J.: 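Here it is: the structure, laid out below.
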Protein chains: 2
Amino acid sequence: MLRLSKRVEYGLVALQHLAKRGDVATVREISDENNISYDLLAKIMQDLKRDGMIYSSQGVRGGYALMLAPNQIPVTRVVDALEDQSTITECTSDHESCTREGACTIQGPMHRLQEQVERVLNSVTIAQLL
Amino acid sequence: MLRLSKRVEYGLVALQHLAKRGDVATVREISDENNISYDLLAKIMQDLKRDGMIYSSQGVRGGYALMLAPNQIPVTRVVDALEDQSTITECTSDHESCTREGACTIQGPMHRLQEQVERVLNSVTIAQLL
DNA sequence: CCCATATCGGACTCTTTCAGTCCTACATAG
DNA sequence: CTATGTAGGACTGAAAGAGTCCGATATGGG
């Protein structure tokens, strides 16, 4: 449906929050201030950390903070970190294969479309969300 | 998940088929040649007709054909005709409202993103699929 | 040393959406 | 009047999405 998942939406909000803060912030703080489910956001933060764009410190006074400058984090990266499938169609994916066996007659054009969409998502970074 | 639905994918294939043919084609013909479920494609064609980009004639020797030149049918139009939600997020939609009550802190930037994605989808037409 | 405060991460449920099927009605050329 | 088409409602099954629950682990401060 050509829609970003809630996971990505929440991820972007959280990263924006961290960027504005410039310091460590807890999941609780972010989820409260933005009306996001705590448990759900907790998972998302873990995924973002796994990607390496943020780091975490556990225990009292712990939380998450950015590892990179906001303008170094394009939306594409957030999407890739939080969604399994990030391609416009099956046939523009590497690890998937086109269901309609044989000649997919739109594969070429779809690849070009895919590239352009990626270019757009790449041109916007967390810095643009501030 | 930022993916076009099968409905749109099949719709594009069907329109490409009609464009290449330049004449009336039946659902059966299109579905057979492209490995698409007949029943499913039949519904899609009805939706495309309702939009006005193709016309139909019933009965023997009937079928579907383009109403517009291929370069007059942008992908956007196909998406709009075949998908309920065609926006990147809830908050960039007109008839939906942001679930997270109160201040959605990314609404502005998301609108700008939405515009750019639409521009891309608008720049590609059925003519480019040939 | 403890305990409150954090992240970590598996498992699970509920709801919605998507893809696809089935069946009946209607139109029309030959 | 019948073959061959589209028109369209209702339904099913599978998959993805969003959100919940619970226990484990780490850690700074009293």
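So you know, we letter chains A, B, ... as the sequences are listed, proteins then strands, and number each from 1. Bear in mind the structure is a predicted one, so any value in this text is a computation, not a measurement.
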J.: On DNA chain D, nearest-nucleotide positions of Tyr38(A) versus Arg50(B): which is more 5'?
T.: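 Residue closer to the 5' terminus by nearest nucleotide: Arg50(B).
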
J.: Just to verify, what does Gln16(B) make a side-chain contact (heavy atoms from CB on, under 4.5 Å) with, not counting sequence neighbours?
T.: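 Thr105(A), Ile106(A), Lys20(B), Leu129(B), Leu130(B).
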
J.: How many whole angstroms separate atom CD of Glu90(A) from atom P of dC18(C)?
T.: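 Rounding to the nearest Å, CD of Glu90(A) and P of dC18(C) are 15 Å apart.
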
J.: For dA3(D), which nucleotide is its Watson-Crick or G-U wobble mate, given both distances must be under 3.5 Å?
T.: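 No nucleotide pairs with dA3(D).
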
J.: Atom CD in Glu83(B), atom CG in Leu4(B): separation rounded to 0.5 Å?
T.: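 Separation between the atoms: 6.0 Å.
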
J.: Please give, in whole Å, the distance from dG19(D) C1' to Tyr10(A) OH?
T.: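 Computing the Tyr10(A):OH to dG19(D):C1' distance gives 9 Å.
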
J.: With a 3.5 angstrom cut-off on both distances, give the Watson-Crick or G-U wobble partner of dT13(C), or none if there isn't one.
T.: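 Across any shown strand, dT13(C) pairs with dA18(D).
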
J.: Side chain of His17(A), backbone of Val13(A): donor and acceptor closer than 3.5 Å?
T.: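 No: the side chain of His17(A) does not pair with the backbone of Val13(A).
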
J.: What is the distance, rounded to the nearest whole Å, between atom CG of Asp51(A) and atom P of dC8(C)?
T.: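 Computing the Asp51(A):CG to dC8(C):P distance gives 14 Å.
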
J.: From C-beta outward on Arg7(B), which listed nucleotide comes closest to its side chain: dA19(C), dA18(D), dC8(C)?
T.: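 Looking only at side-chain atoms, Arg7(B) lies closest to dA19(C).
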
J.: Could you state the atom-to-atom distance from NZ of Lys43(B) to P of dT21(C) in whole Å?
T.: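 For the pair Lys43(B) NZ and dT21(C) P, the rounded distance is 11 Å.
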
J.: Does the protein touch nucleotides 23-30 of chain C at the base, only the backbone, or not at all? Give it as B, S and - per nucleotide, heavy atoms under 4.0 Å.
T.: B---BBB-

J.: Respond yes when some side-chain nitrogen or oxygen of Ser56(B) is under 4.0 Å from OP1 or OP2 of dA7(D), and no when none is.
T.: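 Checking Ser56(B) against dA7(D): at least one side-chain N or O falls below 4.0 Å of OP1 or OP2.
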
J.: To the nearest Å, how far apart are Asn35(B) CG and dG20(C) P?
T.: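 Checked: the CG to P distance equals 11 Å.
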
J.: Sequence neighbours excluded, which residues qualify as side-chain contact (heavy atoms from CB on, under 4.5 Å) partners of Leu40(B)?
T.: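 Result, side-chain contact (heavy atoms from CB on, under 4.5 Å) vs Leu40(B): Tyr10(B), Ser37(B), Ile44(B).
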
J.: Take atom CE of Met45(B) and atom C1' of dG5(D), then tell me their distance rounded to the nearest Å.
T.: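 Taking CE of Met45(B) and C1' of dG5(D), I get 13 Å after rounding.
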
J.: Leu82(B), Tyr38(B): one ILVMFWY side-chain cluster at the under-4.5 Å cut-off?
T.: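 Yes, Leu82(B) connects to Tyr38(B) through the hydrophobic network.
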
J.: What residues, two or more places apart in sequence or in another chain, satisfy side chain to side chain donor-acceptor pair (under 3.5 Å) together with Glu90(B)?
T.: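 Glu90(B): side chain to side chain donor-acceptor pair (under 3.5 Å) contacts with Lys6(A), Thr99(B).
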
J.: Scan residues 105-130 of chain A for pairs that pass salt bridge (Lys or Arg N to Asp or Glu O under 4.0 Å), counting only residues two or more places apart or in two chains.
T.: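 Sorted result for residues 105-130 of chain A: empty, none.
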
J.: Roughly, in whole Å, what's the span from CZ in Arg3(B) to P in dA19(C)?
T.: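 It is 10 Å, rounded to the nearest whole Å.
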
J.: List for me each residue that meets side chain to side chain donor-acceptor pair (under 3.5 Å) alongside Asp47(A), sequence neighbours excluded, and say none if there are none.
T.: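 Arg7(A), Arg50(A).
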
J.: May I ask you to verify if any side-chain N or O of Ser37(A) is less than 4.0 angstrom from the OP1 or OP2 atom of dT20(D)?
T.: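 So the side chain of Ser37(A) is within the cut-off, an N or O lying under 4.0 Å from OP1 or OP2 of dT20(D).
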
J.: Output the residues of residues 24-33 of chain A in contact with DNA chain C, where contact means a heavy atom of the residue under 4.0 Å from an atom of the strand; sort by number or write none.
T.: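 Thr26(A), Val27(A) - these, ordered by number, are the residues of the stretch whose heavy atoms sit under 4.0 Å from the strand.
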
J.: Could you tell me which residues satisfy side chain to side chain donor-acceptor pair (under 3.5 Å) with Asn122(B), sequence neighbours excluded, listed by chain and number?
T.: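 Scan of Asn122(B) (side chain to side chain donor-acceptor pair (under 3.5 Å), adjacent residues dropped) gives Thr76(B).
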
J.: Which residue pairs pass the side-chain hydrogen bond (donor to acceptor under 3.5 Å, both in side chains) test with at least one member in residues 55-73 of chain B, sequence neighbours excluded?
T.: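 Every side-chain hydrogen bond (donor to acceptor under 3.5 Å, both in side chains) pair that includes a residue of residues 55-73 of chain B, provided the two are not neighbours, is Lys49(B)-Ser56(B).
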
J.: Show the distances under 3.5 angstrom between N or O atoms of the protein and N or O atoms of nucleotides 12-15 of chain C.
T.:
none

J.: Could you work out, with salt bridge (charged side-chain N to carboxylate O under 4.0 Å, His left out) as the rule, every residue matching Arg21(A), not counting sequence neighbours?
T.: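 For Arg21(A), the residues satisfying salt bridge (charged side-chain N to carboxylate O under 4.0 Å, His left out) (neighbours in sequence not counted) are Glu29(A).
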
J.: Could you check how far CD1 of Ile44(B) sits from P of dT21(C), rounded to whole Å?
T.: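 Computing the Ile44(B):CD1 to dT21(C):P distance gives 12 Å.
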
J.: Please list, chain by chain and in numerical order, all residues satisfying side chain to side chain donor-acceptor pair (under 3.5 Å) with Thr92(A), sequence neighbours excluded.
T.: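 So Thr92(A) forms a side chain to side chain donor-acceptor pair (under 3.5 Å) with Thr89(A), Gln114(A).
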
